[in-house]
**Q** 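Below: one structure in structure tokens.
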Amino acid sequence: MSVRYRPLPASFFDRRAETVARELLGCFLVSDSAEGRCAGCIVETEAYPGPHDPASHAARSVGRTARNDPMFGPPGTVYIHLNYGVHWCLNAVVGREDHPAAVLIRAVEPVEGLELMRLRRPGRRDRELTNGPGKLTKAMGIGPALQRLRLTAGPPLFIALGEVVPAGAAVRAQRVGISKGAEAEWRFYDRRSPWVSRRDRRVDGA
DNA sequence: TAAAGGATTTTCT
DNA sequence: GAAAATCCTTTAC
């Protein structure tokens, strides 16, 4: 069975990081490769609203560097970074061009291409294929070759509108105690999904 | 189920 | 040279 997805418009990403992070819940992340298509329903995100956030790769103290340069691109740009020297993580750049803000995709629920995901992450149970930012990129074949791509342009990597996650199911949580600037980081997740990586307490309505 | 520690390499100070 | 937007294994309860 093949589902037809329509990429989200740039206007979707041209808003506050927290708004985009909340509304990405329920949307579909679609990744094509020579091996086939993988798609997943986004169930966990994290907002990096701008330079005032000390935890952001583009924090004021850091400025614009070769690494975070894609974050200064137009809304809908792909920003991929290597974390802890091991894991590739996928972000959607949000807000106006030259304002470095992004939303980290932290977890998805497999919708299409499950067999391909199993091949890419052998020996894992299905719920462990994509329940983390570094896991989902490996399962879906997402890497640095896709840097600066436009998520609004369709294949090979884009995000499509999905079902709206009801307010009662969406959790807005504040990440605490991770690093010095962590107070500024906001996470969102769908509490109904087994694929969520971190289930922190709700700190606000979402 | 939860907590703790090692892995591994890029980036910036 | 230290820290990092994490993952995985081990250990304990």
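Just so it is clear: chains get the letters A, B, ... in the order the sequence lines come, proteins before strands, and each one is counted from 1. What you see below is based on every heavy atom in this structure, not just the backbone, and it leaves out hydrogens, waters and symmetry mates.
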**Q** Of the nucleotides C/dT9, C/dT6, B/dT11, which has the atom closest to the A/R124 side chain?
**A**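 When the side chain of A/R124 is considered, C/dT9 is the closest of C/dT9, C/dT6, B/dT11.
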
**Q** With the threshold set at 4.0 Å, does a side-chain nitrogen-carboxylate oxygen contact exist between A/R127 and A/E109?
**A** no

**Q** For the pair made of OH in A/Y79 and P in C/dA5, what is the distance, rounded to whole Å?
**A** 9 Å

**Q** Is A/S197 touching bases, backbone alone, or none of the nucleic acid, heavy atoms closer than 4.0 Å?
**A** nothing

**Q** Tell me the interatomic distance from A/E44, atom CD, to C/dA5, atom P, rounded to whole angstroms.
**A**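 Whole-Å distance recorded here is 16 Å.
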
**Q** Quickly work out the A/E128 CD to C/dT6 P distance and round it to whole Å.
**A**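 Roughly 18 Å, once rounded to whole Å.
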
**Q** Report yes if a side-chain nitrogen or oxygen of A/H87 is closer than 4.0 Å to either non-bridging phosphate oxygen (OP1 or OP2) of C/dC7; otherwise report no.
**A** no

**Q** State whether A/E128 and A/R121 are salt-bridged, where the test is any N-O pair (Lys NZ or Arg NE/NH1/NH2 against Asp/Glu carboxylate O) under 4.0 Å.
**A** no

**Q** Looking only at side-chain N and O atoms, does A/K138 come under 4.0 Å of OP1 or OP2 in C/dT6?
**A**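 A/K138 to C/dT6 OP1/OP2: no side-chain N or O under 4.0 Å.
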
**Q** Can you check the A/H81 NE2 to C/dT6 C1' distance for me, whole Å?
**A**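 It works out to 9 Å between those atoms.
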
**Q** So what does A/S61 hit on the nucleic acid, given a heavy-atom distance under 4.0 Å: a base, only sugar-phosphate, or nothing?
**A** sugar-phosphate

**Q** If you check every side-chain atom of A/Y48, which of C/dT6, C/dA5, B/dT8 has the closest atom?
**A**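 Among the listed nucleotides, the one closest to the side chain of A/Y48 is C/dA5.
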
**Q** Could you state the CZ-P distance from A/R67 to B/dT9, rounded to the nearest angstrom?
**A** 15 Å

**Q** Nearest to the side chain of A/K135 - C/dA5, B/dC12, C/dC7?
**A**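 Minimum distance to the A/K135 side chain belongs to C/dC7.
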
**Q** From C-beta outward on A/R121, which listed nucleotide comes closest to its side chain: C/dA5, C/dC8, B/dT8?
**A** C/dC8

**Q** Identify the two heavy atoms, one from A/A10 and one from A/P75, that lie closest to each other, and give their separation to 0.1 Å.
**A**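 Distance-wise, the nearest heavy atoms are O-CB, 4.0 Å.
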
**Q** Check the distance between C/dT6's P and A/N131's CG and give it to me in whole angstrom.
**A**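 The answer, rounded to whole Å, is 13 Å.
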
**Q** Counting only side-chain heavy atoms from C-beta out, which of C/dT6, B/dC12, C/dA5 sits nearest to A/L104?
**A** C/dA5

**Q** Please give, in whole Å, the distance from C/dA3 C1' to A/L82 CG?
**A** 14 Å

**Q** Compare the minimum distances between each of C/dA4, B/dT8, C/dC8 and the side chain of A/N83, then state the nucleotide with the smallest one.
**A** C/dA4

**Q** Would you tell me if any nitrogen or oxygen in the side chain of A/R198 comes within less than 4.0 Å of OP1 or OP2 on C/dC7?
**A**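 Indeed not, no polar side-chain atom of A/R198 lies that close.
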
**Q** In whole angstroms, how far is the C1' atom of C/dA5 from the CZ atom of A/F188?
**A**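 Going from CZ in A/F188 over to C1' in C/dA5 covers 15 Å.
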
**Q** Looking at A/D53 and A/R60, is there a salt bridge between them, counting it only when a charged N and a carboxylate O are closer than 4.0 Å?
**A**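 Not counted as a salt bridge, because no side-chain N and carboxylate O are separated by less than 4.0 Å.
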
**Q** Return the pairing partner of B/dT8 with a 3.5 Å limit on both distances, Watson-Crick or G-U wobble; otherwise return none.
**A**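 For B/dT8, the partner nucleotide comes out as none, under the 3.5 Å rule.
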
**Q** Less than 4.0 angstrom from a charged side-chain N to a carboxylate O is my criterion; do A/R96 and A/D14 meet it?
**A** no

